[in-house]
Amino acid sequence: SLEGGLDAENGALVGGKLGGAFFARDLVVPEMIQELDALASGLIEAVNGLHALGYGLPSGGMASEGARVASVDPPLPSGAVESVATSSDLERGLGGGTYTLEVRDSGGEWQFRLLDWSGNPVYIRQVGGSDFTADWQAVPLGQVFETGRGIAITFGQTGTAGTVSFRYDNFFAGRGSSDIDISQWVREDPRRVAAAQDGVASGDNRQALAIAGLQREAIITGGYSADAFYGSIVTRLGLSARQALAMTANAEAIAQHLERRKAEVSGVDLDEETADLLRFQRAYQAAARAMTVLDEMLDRLINGTGLVGR
């Protein structure tokens, strides 16, 4: 059954143009999208991680930081959350967009997690640990929690269920290949591009150079650079396309050979039929000549003999 699309197990069950279209839709394209998502996600995290630590051109008398928390709703403090602020603790960069902090009571334990604009849980640092998780965690009441994503959350002394939404501005917005984009925050004012490492030094472009150097740094899962990873995607796609073309040409050659064999067995060969007609004509002529000779011999025997003394 092909219900629900193809997978690695039933991909060989289909053939022809329609089967090839299904195979590409259900197996090839999703794999390529997954690879591009990994590339885009790694690029967003790496670039935004460096960008958040830099400074843009002065605006209003002071240099703008490379990232910021803005538009907090509802105004804080509210419930269990006292503040959400920009932090320099940035182990993994975060895409610009609107995020939601959820707090709930789970059987007497106050828990929290961070969601992105699509409702997907965001990986943040574990409370009391160094690993990252997207699961619910116990609320560290009365403490400042560093998410490791450039955001610090200050929790109150008591827990209260609720949500807090805020916008996080950085260079890249989005989380994958389908929505990666330059953030509206940077579009509105290009001076916010954090090219400098120092907020007061003139002509400082060290952060821009560091971001440009990410092109060959191991920023993609598995220890690949963006250049190498993208090159491997293009190479594998090209090899798959070449293999598909070769298989198509081979299948067409086999089909043509079978058609010729079918024609040889069941079809009419005009040359062969013409030769048979000539052969049968000669045989008929030979048989007719034999009958003529026999007729002449009988005529001679009957009419030329039989009357004695004639």
Side-chain angles (χ1 to χ4, degrees), residues 44-45 47-56 58-106 110-127 132-175 179-194 199:
I44 290 171
E45 289 188 5
V47 172
N48 280 0
L50 286 179
H51 190 268
L53 299 176
Y55 294 87
S59 177
M62 58 186 302
S64 60
E65 295 182 341
R68 65 167 188 171
V69 172
S71 303
V72 181
D73 182 40
L76 300 179
S78 174
V81 183
E82 291 191 352
S83 70
V84 178
T86 308
S87 171
S88 59
D89 183 358
L90 217 156
E91 187 172 337
R92 295 171 61 177
L94 193 64
T98 300
Y99 292 85
T100 300
L101 178 64
E102 287 188 334
V103 179
R104 72 175 184 180
D105 181 1
S106 178
W110 291 105
Q111 297 180 336
F112 77 100
R113 66 176 179 174
L114 188 64
L115 305 176
D116 67 13
W117 51 92
S118 298
N120 300 306
V122 178
Y123 279 85
I124 57 177
R125 185 176 290 135
Q126 290 182 345
V127 175
F132 283 70
T133 181
D135 294 332
W136 289 93
Q137 301 190 75
V139 174
L141 295 174
Q143 300 180 32
V144 177
F145 174 66
E146 293 285 356
T147 63
R149 307 299 300 268
I151 298 171
I153 305 170
T154 302
F155 290 99
Q157 297 292 336
T158 58
T160 304
T163 61
V164 175
S165 297
F166 60 91
R167 192 179 77 245
Y168 182 70
D169 295 322
N170 209 327
F171 183 80
F172 276 130
R175 64 192 301 268
D179 59 356
I180 184 173
D181 195 5
I182 304 300
S183 69
Q184 186 63 30
W185 181 62
V186 171
R187 291 175 185 271
E188 291 173 353
D189 189 352
R191 292 177 298 178
R192 291 169 176 160
V193 175

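Each residue takes its place number in the sequence, starting with 1. All values below were derived from every heavy atom in this structure, side-chain atoms included, with hydrogens, water molecules and symmetry-related copies excluded.
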Quiz item: Roughly how far, to the nearest 0.5 Å, is CG of D73 from OG of S78?
Solution: 9.0 Å
Quiz prompt | N170 side, atom CG; E65 side, atom CD - distance, nearest 0.5 Å | solution = 11.5 Å
Quiz item: How far does CG of D105 sit from OG1 of T160, to the nearest 0.5 angstrom?
Solution: 10.0 Å
Quiz item: Are any side-chain N or O atoms of R149 and backbone N or O atoms of R92, one a donor and one an acceptor, separated by less than 3.5 Å?
Solution: yes
Practice problem: Grab the two heavy atoms, one from G66 and one from H51, that are nearest each other, plus how far apart they are. | Solution: O-ND1, 2.8 Å
Quiz item: Between Q137 (side chain) and R125 (backbone), is there a donor-acceptor pair under 3.5 Å?
Solution: yes
Quiz item: Under 4.5 Å between any side-chain heavy atoms of I124 and F112, yes or no?
Solution: yes
Self-check item: Closest non-hydrogen atom pair between R167 and S71, with its separation
Solution: NH1-OG, 2.7 Å
Practice problem: For residues L76 and V84, report the shortest heavy-atom separation together with the two atoms involved. | Solution: CD1-N, 3.5 Å
Exercise. Verify the neighbour count for atom CZ of F145: are there more than 12 heavy atoms of other residues, nucleotides or ligands below 6.0 Å?
Key: yes
Quiz item: For L90 and A52, which heavy atoms make the closest approach, and how far apart are they?
Solution: CD1-CB, 3.0 Å
Self-check item: Intermediate values then yes/no, side chain to side chain contact (heavy atoms under 4.5 Å, CB included), F172 and I182
Solution: CA-CA 5 Å; F172 276 130; I182 304 300; 3.9 Å; yes
Exercise. May I ask you to decide if the ring planes of Y99 and Y168 are parallel, tilted or perpendicular, using 30° and 60° as cut-offs?
Key: perpendicular
Practice problem: Look up atom CZ in F132 and atom CD in Q126, then write down how far apart they are to the nearest 0.5 Å. | Solution: 9.5 Å
Quiz item: I44 and G174: which non-hydrogen atoms are nearest, and at how many Å?
Solution: CD1-O, 3.6 Å
Exercise. Tell me, yes or no, whether the heavy-atom count around E82 atom CD, taken from other residues, nucleotides or ligands under 6.0 Å, exceeds 12.
Key: yes
Self-check item: R192 with D169: basic N within carboxylate O range, under 4.0 Å
Solution: no
Exercise. Considering non-hydrogen atoms only, spot the tightest contact between A194 and G54 and give its length.
Key: CB-C, 3.5 Å
Quiz item: Checking side chain to side chain contact (heavy atoms under 4.5 Å, CB included) against V122, which of T133, L101, D116 comes through?
Solution: D116
Quiz prompt | Point-to-point distance, once rounded to the nearest 0.5 Å, from CD1 of I151 to CG of L114 | solution = 6.0 Å
Quiz item: So, N48 side chain and L94 main chain: donor-acceptor pair closer than 3.5 Å or not?
Solution: yes
Quiz item: Going from OG1 on T154 to CD on Q143, what distance comes out if it is rounded to the nearest 0.5 angstrom?
Solution: 10.5 Å
Quiz item: Please walk me through it: do E102 and Q111 pass side chain to side chain contact (heavy atoms under 4.5 Å, CB included)?
Solution: CA-CA 8 Å; E102 287 188 334; Q111 297 180 336; over 6 Å; no
